[in-house]
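To start, the structure itself, in C-alpha cells.
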Amino acid sequence: MFTALSVRGRGAARLAVTALVSGLFAAGAVASAGPAAAEDIPQHQGGVSATLDGLTTFDRAVLHDGGRQHELPAGLFEMTVDGGGRLKTYCIDVHNPTQEQARYLETPWEQTSLGANSGAGKIRWILQHSYPQVDDLMALAERAGTGPLTERTAAAGTQVAIWRFSDGAEVEALDPAAEQLADWLEKKAKNVEEPRASLSLEPNAVSGKAGGRLGPITVRTDADRVTVTPPADSAASGVIVTDQAGRPVTTAVDGSRLYFDVPAGATDGTAALSLQATTNVPVGRAFSGVTKSQTQILAGSSRSTVSATATATWAKKGPIPALTAKKNCAEGGIDITATNEGDEKFTFELLGREYAIAPGESRTVTVPVPEDRAYDFTITGPGGFSKNFKGVLDCKTTGSTGPVTDEPAPQPSAASAGSTAIDENLAATGASGATPIIAGVAIGLVIVGGAAVLFVRKKKAPSAED
C-alpha cells in the first residue's frame, strides 16, 4: 500500500491561518524515497521557465485605495528565459510586490487570477494594440488621441489600463498623455481568446504494463516544430518514443500523439522524455511565480526556449500508477490525479483518508491550499516510488483580499503599491514584508471543513478519433 502523504514545513504556525480554518494538517519532514527521490521542482505543464530581471521601462501612476493615494511605478518588466530568450511583461496584481530574482513559469489562465476574470480577454486586446507590440509611438499617439508618447509613458499608460481590468483598480497615470492612452485602451478593449500554450503535454505522466506502448501524450504547441528527446537510458532499457503507428519519432508538431514503447522484458521502472523548441511565446500568456510574487502577463517575446517533460511508469504486474497535479483555482486547491493501469488496485492515503483506485480507473482529489501560501507535499510508495508537488496557489489578486497599507517593504520594491517614494533607477525586484514567511517555506496542508474535496472521474477508453 502506498504511504501517507508527507508534508514538510518550517515555522508553519507563523502563517497564522489556524483561526481561518477548521484544522491544520501536521507539518513534518519528508522521508527519503531512496534512489527515486521526489523531484525538487514545481509541477509544470510545460512552456517557458524564466527569471525576473526587474522593472525596466516605466513612469508613474497613482492608485486610489480606501480613501488613500499611493504613488507607484507602472510599466514593463523583463525576464531572462532558461535556455535562452527574453520576455517583456506587465503586472496583473497591482498590490503585490515582486521578489528579487523571482522564478516564473508559463501558466494557463485558469490557474491564475485571470481564470475568474471576465475582463481577461480585454487585457490581451490591450497587449496586442499598445506598446511594445505597437512600437511606432507617433502612430499610437495619433490613434489614441494623446500628446507625444515616450517608451516610458506608453508603458505606463498600458500598465494602468491593464490594472483597471486585472485588479478593478482605480488608478491613473501621472503623465497626461499616458493617462489619455490608458483611457483610450480601456474604452476600446474587446474580449480576445486566451492564446495557445507555447508548449504543453496532455497528460505529462502515463503508466502501463511492460510489453506495450504507453500513452498517448498529446503535444500542444504554438511552435512550428519541437524536438523530442528520448529517455536518457533508452539504449540500455530498450524504451523508445513512437507515434501512434509505432514509428520512432524525433520531432513533433501541435496535435502529435507520443507513446513510450516498452519492451516486454523490461525491468519495472520509469522513464522520461523531453520536448524543446525555440519560438516566440504568444502575447497574453500568463506567468506565475514559483514563490509568491506578482503574477505577470506577456507583452513581447524574443525567440525563446520552451520545454516540457513527460514520464512513464511500467511494471509486469500489480498496481501501476501515474500521478499528475495542477492548480484548481475554482475549488481553491491542487488537483492530484492518480491513474492505475495495473491489474491490482492502487491505494494511497491522503489527508487521513485512504483511496483505492481499481485497475483502469482514474481519481482526482482536490487538496485545499490557502491562497498565497506555499505548498510542498510528496506521495511515496514501495519500490522507491515518489512524486512531489510544490508551488504557490495564487488564484486571486492581492487587492481582492484586503486593503493596501502604507508600510513599505524592508527592501522597497518599485512594484509595491505601499510605498510612495520611487527611485527611478530601482528595479521592481525587492522583497516584500511577507518574504520571511512565504519564500522557501512549505506549510502544512489546511483541511477546510475537516475533509478534502473529492472528485471521481472514470477513465474512458480512447475513441477512434483519439
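Both backbone and side-chain heavy atoms feed into the values below; hydrogens, waters and symmetry mates do not.
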Legend entry - Salt bridge flag under 4.0 Å for residues Asp93 and Lys396: no

Legend entry - Test side chain to side chain contact (heavy atoms under 4.5 Å, CB included) applied to Ala356 - qualifying residues, sequence neighbours left out: Lys345, Thr347

Inset, instruction - For the pair Ser256 (side chain) and Asp254 (backbone), establish whether a donor and an acceptor sit closer than 3.5 Å, ignoring hydrogens and angles. - result: no

Inset, instruction - Would you tell me whether Arg303 and Thr278 have side-chain atoms, one donor and one acceptor, within less than 3.5 Å of each other? - result: no

Legend entry - Expected output: side-chain Glu78 to main-chain Leu87 donor-acceptor under 3.5 Å: no

Inset, instruction - Before accepting this row, confirm whether a basic side-chain N of the pair Arg220/Glu202 lies closer than 4.0 Å to the acidic partner's carboxylate O. - result: yes

Legend entry - Check: Thr242 and Val249 side chains under 4.5 Å, non-hydrogen atoms: no

Legend entry - Contact check, side chains of Ser118 and Phe165, non-hydrogen atoms, under 4.5 Å: no

Legend entry - Flag for Glu106-Ser198: side-chain donor and acceptor within less than 3.5 Å: yes

Legend entry - Minimum side-chain heavy-atom gap Thr112-Cys329 below 4.5 Å: no

Inset, instruction - Return yes if some donor-acceptor pair links the side-chain N/O of Arg164 with the main-chain N/O of Val171 below 3.5 Å, else return no. - result: yes

Legend entry - Heavy-atom check, side chain of Met79 versus side chain of Val48, under 4.5 Å: no

Legend entry - Distance-only polar pair, side chains of Arg86 and Ser304, donor-acceptor under 3.5 Å: no

Inset, instruction - Inspect the contact between Lys327 and Asp394 and indicate whether a charged nitrogen and a carboxylate oxygen are less than 4.0 angstrom apart. - result: no

Legend entry - Heavy-atom donor-acceptor pair, Gln133 side chain to Ala299 backbone, under 3.5 Å: yes

Legend entry - Cationic N near anionic O, under 4.0 Å, Asp372 to Lys292: yes

Inset, instruction - Report yes or no: does Thr337 contribute a side-chain atom to a donor-acceptor pair with the main-chain N or O of Thr364 at less than 3.5 Å? - result: no

Inset, instruction - For the residue pair Tyr104 and Ser293, confirm or rule out a side-chain donor-acceptor distance under 3.5 Å. - result: yes

Legend entry - Residue from Lys317, Lys209, Lys316 passing salt bridge (charged side-chain N to carboxylate O under 4.0 Å, His left out) with Asp343: Lys209

Inset, instruction - Side-chain contact test, heavy atoms from C-beta onward, threshold under 4.5 Å: evaluate it for Asp261 versus Val241 and give yes or no. - result: no

Inset, instruction - Kindly indicate whether the side chain of Phe77, heavy atoms from C-beta on, has any atom under 4.5 Å from the side chain of Lys88. - result: no

Inset, instruction - Taking only Lys NZ, Arg NE, NH1 and NH2, and the carboxylate oxygens of Asp or Glu, determine whether Glu194 and Arg124 approach each other closer than 4.0 Å. - result: no

Legend entry - Verdict with reasoning, Gln111 to Gln45, per side chain to side chain donor-acceptor pair (under 3.5 Å): CA-CA 11 Å; Gln111 297 181 40; Gln45 291 169 264; 2.5 Å; yes

Legend entry - Any side-chain heavy-atom pair of Leu127 and Ile297 under 4.5 Å: yes

Legend entry - Any donor-acceptor N/O pair, Ser237 side chain to Val239 backbone, under 3.5 Å: yes

Inset, instruction - Report yes or no: does Trp109 contribute a side-chain atom to a donor-acceptor pair with the main-chain N or O of Pro195 at less than 3.5 Å? - result: no

Legend entry - Distance-only polar pair, side chains of Thr366 and Asp335, donor-acceptor under 3.5 Å: yes

Inset, instruction - Could you check if a side-chain atom of Leu199 sits within less than 4.5 angstrom of a side-chain atom of Leu275, using non-hydrogen atoms only? - result: yes

Inset, instruction - State whether the side chain of Gln159 and the backbone N or O of Cys91 hold a donor-acceptor pair below 3.5 Å, judged by distance alone. - result: yes

Inset, instruction - Ignoring hydrogens and angles, tell me if any N or O in the side chain of Asp167 forms a donor-acceptor pair with the backbone of Ala169 under 3.5 Å. - result: no

Inset, instruction - Could you tell me the separation between the OG1 atom of Thr311 and the CZ atom of Phe260, rounded to the nearest 0.5 Å? - result: 6.5 Å

Legend entry - Ile357: side chain to side chain contact (heavy atoms under 4.5 Å, CB included) partners, not counting sequence neighbours: Ala338, Asn340, Phe346, Phe348, Glu361, Arg363

Inset, instruction - Report the residues that fulfil salt bridge (Lys or Arg N to Asp or Glu O under 4.0 Å) with Asp222, sequence neighbours left out, ordered by chain and then residue number. - result: Arg196

Inset, instruction - Return yes if a side-chain donor-acceptor contact under 3.5 Å exists between Ser130 and Thr158, otherwise no. - result: yes

